[in-house]
Amino acid sequence: MIAAPDRTPLPRRFFDRPVLEVAPDLLGRILVRHTHTPDGPIELRLTEVEAYAGPADPGSHAYRGRTERNAVMFGPPGHAYVYFTYGMWHCMNLVCGPAGSASGVLLRAGEILSGHERAHKHRPTARNDRELAKGPARLATALGIDRHLNGVDVCAGPRSPMEILTGAPAPADQVLSGPRTGVGGEGATHPWRFWIDGDPTVSPYRAHTPRRRSSDAPSDGT
DNA sequence: GCCCGGATAGCCT
DNA sequence: GGCTATCCGGGCA
């Protein structure tokens with residue numbers, strides 16, 4: 001018999017710790033997307049995350065310091081840093097550590113627990129429930145997360161658009177780690193991606209693929 | 001199942 | 001102007 005997940009909100013102090021402690025501890029927690037409509041929220045159990053360790057981390061958006069785009073990462077913990085990437089997609093991070101440390105955890109994948117119908121409406125190409133949030137941009141899309149939610153406090157209670165509940169943290173022996181996805185150079189060396197062993201919603205690993213420059217393409221010969 | 005390339009726009013140098 | 005913390009569809013096995 002499985003105990004029901006704990007629906008107590010995670011307190012801000014949960015996030016005010018070193019990012020490499022917080023990241024694996026987020027697995028099994030519940031992200032609630034409150035839409036404040038009669039349908040109720042969309043809920044997701046986190047199964048895969050990645051740590052980004054502040055201005056010293058070459059893989060981080062905080063590398064080379066604070067800009068308008070990454071300002072939320074430099075703020076207090078327990079807030080959502082949502083950014084737009086590849087001209088099409090949104091991804092969501094949770095800011096960790098004391099204000100100014102500019103570290104965060106990218107939410108890479110999860111299992112939709114409720115609100116499946118609306119999640120499929122947001123992600124019509126998903127062929128089954130497992131694919132709804134298998135990948136960071138898919139996760140954001142399925143939950144209706146975009147730049148409007150950048151800076152949202154996830155420790156501010158159920159009237160906020162997003163909240164994190166205690167859930168059922170994954171036991172340490174079920175947590176695996178490996179290199180981060182899509183991060184090249186020195187940033188690729190650390191095993192700062194964490195996932196729940198064997199979970200079908202974990203996104204497939206993809207090594208960093210450098211883009212071929214358009215000048216390398218065949219030309220008219222001029 | 002896999003490998004590959006195109007899409008698309010904001011951000012930063 | 002080059003790059004990006006990505007996804008999707010098509011081709012092939």
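The figures here come from the full heavy-atom set of this structure, side chains too, leaving out hydrogens, waters and symmetry mates. Letters go in sequence order (proteins before strands), and every chain restarts at 1. Not measured: the values here are computed from a predicted model.
Panel note: side chain A:T47, backbone A:L27; no donor-acceptor pair is recorded below 3.5 Å. Distance alone, capped at 3.5 Å, places no donor-acceptor pair between the A:R138 side chain and the A:R123 backbone. Remark: side-chain polar atoms of A:E111 are not paired, donor with acceptor, to backbone N or O of A:T201 under 3.5 angstrom. At least one donor-acceptor pair under 3.5 Å links the side chain of A:E131 to the backbone N or O of A:R127. Panel note: side chain A:T166, backbone A:T8; a donor-acceptor pair is recorded below 3.5 Å. Side-chain N or O atoms of A:H34 include none that pairs as donor or acceptor with a backbone N or O of A:P41 at under 3.5 Å. No donor-acceptor pair under 3.5 Å is formed between the side chain of A:S160 and the backbone N or O of A:V154.
If you measure from atom CD1 of A:I145 to atom P of C:dT6, you get 16 Å, rounded to the nearest angstrom. Atoms CZ (A:R127) and C1' (C:dC7) sit 14 Å apart, rounded to a whole Å. Atom P of nucleotide C:dT6 and atom CD of A:E48 are separated by 10 Å, given to the nearest angstrom. The distance between atom CG of A:D146 and atom C1' of B:dG10, rounded to the nearest whole Å, is 15 Å. Rounded to whole Å, atom C1' of C:dT4 lies 14 Å from atom CZ of A:R180.
Contact annotation: A:T181 does not reach the phosphate of C:dA5 (side-chain N/O to OP1 or OP2, under 4.0 Å). When the side-chain nitrogen and oxygen atoms of A:R138 are compared with OP1 and OP2 of C:dC8, one or more of them lie within a distance under 4.0 Å.
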Exercise for review: Could you go through the side-chain contact (heavy atoms from CB on, under 4.5 Å) check for A:R180 and A:D57 one step at a time?
Suggested key: CA-CA 12 Å; A:R180 291 179 295 190; A:D57 176 0; 2.8 Å; yes
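Cation-pi geometry between A:R12 and A:F15 is not met at under 6.0 angstrom from the ring centre and within 45 degrees of the axis.
Among the heavy atoms of the strands lying under 4.0 Å from A:G135 are primed sugar atoms or P, OP1, OP2 only; no base atom is included. Residue A:R123 is in sugar-phosphate contact alone, with no base atom involved, counting any heavy-atom pair closer than 4.0 Å across all strands shown. Using a 4.0 Å heavy-atom distance criterion, A:R147 is classed as a sugar-phosphate-only contact.
Taking every heavy atom of residues 60-70 of chain A and every atom of DNA chain B, pairs under 4.0 Å involve A:R64, A:T67, A:R69, by number. For the segment residues 87-112 of chain A, residues with any heavy atom less than 4.0 angstrom from an atom of DNA chain B are, sorted by number, A:G87, A:M88.
The aromatic ring of A:Y86 sits over the base of C:dT4, with ring centres less than 5.5 Å apart and planes tilted by under 30°. Under the stacking definition used here (centres under 5.5 Å, planes under 30°), the residue A:Y52 qualifies as stacked on the base of C:dA5.
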Revision key, fill the gap. Dot-bracket for DNA chain B, 5' to 3', Watson-Crick and G-U pairs with both distances under 3.5 Å, [ ] for crossing pairs, | for partner on another strand, reads |||||||.||||.
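A side-chain N or O of A:H120 and one of A:D129 form a donor-acceptor pair less than 3.5 Å apart.
Below the 3.5 angstrom threshold, one finds a donor paired with an acceptor across the side chain of A:Y83 and the base of C:dA5.
Note: A:H90 and A:F84 have tilted aromatic rings, judged against thresholds of 30 and 60 degrees for the angle between ring planes.
Residues A:D197 and A:V202 fail the side-chain proximity criterion, which asks for heavy atoms closer than 4.5 Å.
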